[in-house]
Amino acid sequence: MSLAKERKLNPRQLATDVLAKLDVSEWCEKVEIAGAGFLNFHLKTSTLAKTLESAARGEHLFFEKASQPRTVVVDFSSPNVAKPMHVGHIRSTILGDSLARTLRLLGHRVVTDNHIGDWGTQFGKLLVGWKTQLNADAILADPIGEMERLYKAVNAASEADPAVLEQAKQELVKLQNGDEENLGIWHEMIKLSEIQFKTIYDRLGVKFDYSLGESFYNPMLKSVVQELRDKGIARESEGAVAVFSDGTLPPKQDPFLKQEDGEWKPNPCLIQKSDGAANYAGTDLATLAYRLQTWHPAEIVYVTDGRQQLHFQQIFATFRRWHPEAKVKLAHVWFGSILGEDNKPFKTRSGETVRLSNLLDEAEERAYQVVSEKNPEAPEGQRREIARVVGLGAIKYADLLPNRQSDYVFSWDKMLALNGNTAPYLQYAYARISSIFRKGGVESAPAGTGGRVSVTLTAPDEMTLSKHLLNFGLVLDAMVEEYRPNYLCNYLYELAGHFARFYEHCPVLKAEPTERATRLVLCTLTALVLRQGLEILGIETLEQM
RNA sequence: GCAUCGGUAGCUCAAUUGGAUAGAGCUUCUGACUUCGGAUCAGAAGGUUGGGGGUUCGAGUCCCUCCCGAUGCACCA
């Protein structure tokens, strides 16, 4: 079809011409022209069966590793020290983790790096709070809550009284100049925060190769700014240092220009504040240079929310001017905001954000209710474990399923739904397959044993399921190409659906020997793809639920 | 004002990037065998894809225009 467009030919005629010159009889039963000029290739059942057999022997799982593995740095999660991780952090964490897992599966070298917010102006206020009104009991019982309280208290006080703000600035300067007491407190705050991060990441099953926070780049900032000035990329403006347009891009594509009242005006990117301290952009440039020099990646992926689009356009454009020779691909994988029911950034009724740990607790609790209802005879410990896997799976899947670029309204019920297009539906399909093997007393997988397997496909539901299995690799490639895990979610949901229909119509254990062997292979392969697919979404599977 | 993203069934979302009759879930209604797990399956109902124009074999998708919403646009990250 696209060929016809390109060559301005009649699609139907072109299809006929192509068909005349085509010989795919090795794989295809027949090729038909349909509709406006589509070529429908009818795959030979024997070809399909052979592909299933080779997969059953463990030779592949319907995808290929990348022919040219690349090094990819994935930057995601990025929580702030002294603040609780809230629902806003979940999308970056889950998205980044699933992208990293998928890239690894496809054979790429992946470096995950958590760019923790451990430096910046908030520490001035935090230090004032720590020194003047720290509650010793609270900091032990709920360190994050106490630090958050301190920050809010000083923040409110400094709005009312400029003297407090001045005090905070001075504490910050002391910290930046290496004051021993302030550095000690700062380290303590980081330590307390890291305990919280680790607890959450352990629950989510998320791991980082590196957690190089903003403070790590502190020693490099001065020279980065100096170099950019020396090269004429950045210059002083109103006391700060900023990057302006160099006029090489068309104005519409130039992130350093904006249109106002019909005129193009400068839209600079500040890399150093007028007080001499670096800001977000300056730190990000230093980070980018460090990553390039340290890991030599072919690609760097930033998973952050959509409000930072302009920021990253400016960072990337600045970097291109700074290192025009660098071939690295820079990708800002952004996602929409989580909104409250009033369509504004999400807050609870009391104005707080929902803590991530509370969300996870609630998910497990709701799943526990369901498990106990469906499975009252199972021992308590097992019910808890099932609830953990199902609850966390539901949350992750709910976050990965929608197109990442759209905002969504937060709702407990939606986030924690256990019916419909949800993780439990996929996990249930997997558990049913496990149950077949348990009941039948048969080994699940001829896979990997090199044993002889023979597949003979006849029933329509067998065919549909088989064809869908073959598409796994295409979906993985598309997911990595577009950084969209929802492609995989939809694929797995359809796979589970096809399996459910197969399960209804095609008895496995009671079938005749030939049929039974084929159907056991289909069960095995479906289970393997489901487990592999869920695993790279960061979702666990269960033999029983 | 300019820019980015979005507006699809009562609700929440898909639609392989321009392809075939726009698909799912939730909700509502109907049905499923002493059967491998009913967290399931089958069926019904529900649509002028925000409005209008254009491009072509073909448009939810691309272009123009208007309406509505979210977000960003100089020292927060």
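The basis for the numbers below is simple: all heavy atoms, side chains too, and nothing from hydrogens, waters or symmetry mates.
The cationic group of A:R531 does not satisfy the cation-pi geometry with A:Y430, failing either the under 6.0 Å distance to the six-membered ring centre or the 45° limit from the ring axis.
For RNA chain B, the residues of residues 263-275 of chain A within the heavy-atom distance limit of 4.0 Å (strictly under) are A:N267, A:P268, A:L270, A:K273, A:S274, sorted by number.
Taking the six-membered ring where the residue is Trp, A:Y302 and A:F312 present tilted rings, their angle falling between 30° and 60°.
Distance, A:H505 NE2 to B:C41 P: 11 Å, rounded to whole Å. Between A:I315 atom CD1 and B:A77 atom P there is a gap of 12 Å when expressed in whole angstrom units.
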Trace of the salt bridge (charged side-chain N to carboxylate O under 4.0 Å, His left out) decision for A:D413 with A:R366: CA-CA 10 Å; A:D413 288 336; A:R366 290 200 187 195; 2.8 Å; yes

A:Y483 vs A:V303, side-chain contact (heavy atoms from CB on, under 4.5 Å): CA-CA, chis, key distance, verdict: CA-CA 10 Å; A:Y483 312 106; A:V303 187; over 6 Å; no

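No engagement by A:C489 is indicated, since no non-hydrogen atom pair under 4.0 Å with the nucleic acid exists. Using a 4.0 Å heavy-atom criterion, one finds that A:S435 contacts the bases of the nucleic acid, with or without backbone contacts as well. Here A:E494 lies out of heavy-atom contact (under 4.0 Å) with every strand. Among the atoms of the strands shown, base atoms are found under 4.0 Å from some heavy atom of A:R484.
Here the side chain of A:E238 is nearest to one of B:C75, B:U17, B:G72, namely B:C75.
Side-chain rings of A:Y425 and A:Y397 stay apart, their centers remaining 6.0 Å or farther from each other.
Between B:A9 and B:A45, the distance separating the two C1' atoms is 10 Å to the nearest Å.
Distances shown here put a side-chain N or O of A:K258 below 4.0 Å from the OP1 or OP2 atom of B:A74. Contact annotation: A:K252 does not reach the phosphate of B:C2 (side-chain N/O to OP1 or OP2, under 4.0 Å).
Remark on RNA chain B: of its neighbouring residues A:W119 and A:R432, the 5'-side contact belongs to A:R432, judged by nearest-heavy-atom nucleotide.
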